[in-house]
Amino acid sequence: MPARSDDMARQFELDRPRLRAVAYRILGSLGEADDALQEAWLRADRADTSEVGNPSGWLTTVVARVCLNLLRARDTRREEPLDDAARRQPAATGTAADPAEEVQLADEVGIALLIVLDTLGPAERLAFVLHDMFDVPFDDIAAMLGKTSAATRQLASRARRRVRGVPAPEADLPRRRRAVDAYLAATRGGDFDALVALLHPDVVLSADAAVVPTPEPVTVSGMEQVARGAMASMARARSAAVVLVDGMVGMAMAENGRLRVVLRFDFAADGRITGIDVIAEPARLNELDITGIG
């Protein structure tokens, strides 16, 4: 039966939790997800829904189209320096959201997944989220993207490979993953001694100018000095995850679902960390191949 406008309003409220979940997984930001829902309802309220036979499916399409536009708009800001992006908040990242709820949602979805999703193009991300997470048929997604169903399947397949990860070329992948897992846990927990134990005496940390930010790149040497620097990133570590960076075990940190900082690690033969390269400059981040660890 076609939907009347009052029926559509009731359906929107019934579907709101699911629609919000769709928007959050596409956008990775709770504030932007809530903005997308508001815009989607404004569009739905103005539309003639008298011929809509599947209100839930139609509302999902409206929300997805709004999210797709937001993703495409992001591409124009991807080269924006980290400090400029921070000064523009909350305008650049949507309505201010409850930080505790943002962290809870990120944990539920998976920080690593959100980080990898942020490296995908808008069409890949939409295809993967809608099909693999919400069972939207490829034909429906293809209509949103203006592509064939076959092409849309390929988009989702490429995204799926990146999310699941690829084998790392190194033989010591399990040991190195354990070391980076321990580094992240110690940083989150503020465990200075545990961090020092993971580091080689001659460890060197190099951070590009966008990390702090500072006028010039920063280099720090020695176990205790590097560990103290890691302690300063405790807040960022709460939104970080272990991922593959160019096929090697590394770590990535997100901010409102956006990739902001990546750490690459070098290791000694005994498994201790000898080098940490901290990357935050947008141009450098865009060059990295970041995937999940399968």
Side-chain angles (χ1 to χ4, degrees), residues 28 74-75 77-89 92-93 106 111-121 162-163 165-166 168-170 173 176-177 179-188 195 198-200 202-222 225-267 272-293:
R74 278 183 183 176
D75 287 348
R77 298 198 302 265
R78 193 166 285 276
E79 295 294 332
E80 184 179 68
L82 181 60
D83 54 333
D84 287 351
R87 283 196 296 268
R88 287 177 50 164
Q89 289 186 11
T93 55
I111 295 171
L113 173 60
L114 291 174
I115 289 170
V116 176
L117 286 176
D118 189 51
T119 69
L120 303 177
R162 293 187 63 82
V163 168
V166 295
E170 65 212 80
L173 172 62
R176 293 183 176 187
R177 179 173 183 178
V180 179
D181 280 335
Y183 181 97
L184 177 55
T187 304
R188 282 177 172 169
L195 268 173
L198 294 167
L199 303 174
H200 189 275
D202 299 323
V203 64
V204 176
L205 180 147
S206 301
D208 65 37
V211 173
V212 176
T214 57
E216 300 293 335
V218 174
T219 300
V220 180
S221 303
Q225 291 85 348
V226 170
R228 289 193 189 97
M231 291 293 94
S233 65
M234 284 177 61
R236 281 180 173 174
R238 286 194 289 270
S239 60
V242 178
V243 295
L244 294 180
V245 182
D246 295 332
M248 305 291 189
V249 181
M251 197 166 80
M253 299 178 181
E255 182 181 86
N256 294 308
R258 304 300 308 282
L259 178 65
R260 292 302 189 189
V261 180
V262 167
L263 278 67
R264 295 191 296 200
F265 296 86
D266 293 319
F267 296 86
R272 287 186 292 179
I273 297 168
T274 60
I276 306 173
D277 184 18
V278 188
I279 302 167
E281 292 177 351
R284 295 186 67 199
L285 290 175
N286 288 342
E287 293 174 353
L288 301 175
D289 181 20
I290 298 175
T291 61
I293 298 183

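Note: hydrogens, waters and symmetry copies are ignored here, and every other heavy atom, side chains too, is used. Computed from a predicted model, the values in this text were never measured in an experiment.
Between Val243 and Ala112, the shortest heavy-atom contact is CG1-CB, 4.3 Å. Of all non-hydrogen atoms in Ala252 and Val262, the two that sit nearest each other are CB-CG2, 4.2 Å. Pairing each heavy atom of Leu199 with each of Ala227, the nearest pair is CD1-N, 4.0 Å. When all heavy atoms are compared, the tightest approach of Phe267 to Ile273 is CE2-CG1, 3.8 Å. Taking all atoms of both residues into account, the shortest heavy-atom contact from Ala280 to Val261 is CB-CG2, 4.2 Å. Heavy atoms only, all atoms of each residue included: Ser221 and Val204 are closest at OG-CG2, 3.9 Å.
Under the 3.5 Å distance criterion, the side-chain polar atoms of Ser239 are matched with a main-chain donor or acceptor of Ala254. Although no hydrogens or angles enter the test, the distance criterion places no donor-acceptor pair under 3.5 Å between the side chain of Asp246 and the main chain of Leu288. Looking at Asp118, its side chain does come within 3.5 Å of a backbone N or O of Leu259 through a donor-acceptor pair.
Of the options Glu281, Arg236, Arg260, a side chain to side chain contact (heavy atoms under 4.5 Å, CB included) to Val211 is made by Arg236 and by none of the others. Checking Ile293, Ile111, Leu263 one by one against Val242, the side chain to side chain contact (heavy atoms under 4.5 Å, CB included) holds for a single residue, Ile293.
Applying the salt bridge (charged side-chain N to carboxylate O under 4.0 Å, His left out) test to Asp208 and every residue at least two apart in sequence or in another chain returns Arg284. Remark: Arg188 engages no residue in a salt bridge (charged side-chain N to carboxylate O under 4.0 Å, His left out) (not counting sequence neighbours). Applying the salt bridge (charged side-chain N to carboxylate O under 4.0 Å, His left out) test to Asp181 and every residue at least two apart in sequence or in another chain returns Arg177.
In this structure, CD1 in Ile290 is found 12.0 Å from CE in Met251, a value given to the nearest 0.5 Å. Going from atom CG of Leu173 over to atom CE of Met248 covers 10.0 Å, rounded to the nearest 0.5 Å. Taking OH from Tyr183 and CG from Leu198, the interatomic distance works out to 9.0 Å, rounded to the nearest 0.5 Å. We find the CZ-CG distance between Arg228 and Leu195 to be 12.0 Å, quoted to the nearest 0.5 Å. Distance check, rounded to the nearest 0.5 Å: OG1 of Thr219 to CG of Asp277 gives 9.5 Å. The CG atom of Asp266 lies 12.0 Å from the NE2 atom of His200; values are rounded to the nearest 0.5 Å.
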_If you apply the rule side-chain contact (heavy atoms from CB on, under 4.5 Å), what do you find for Asp289 with Arg162, and how did you get there?_
CA-CA 9 Å; Asp289 181 20; Arg162 293 187 63 82; 2.7 Å; yes

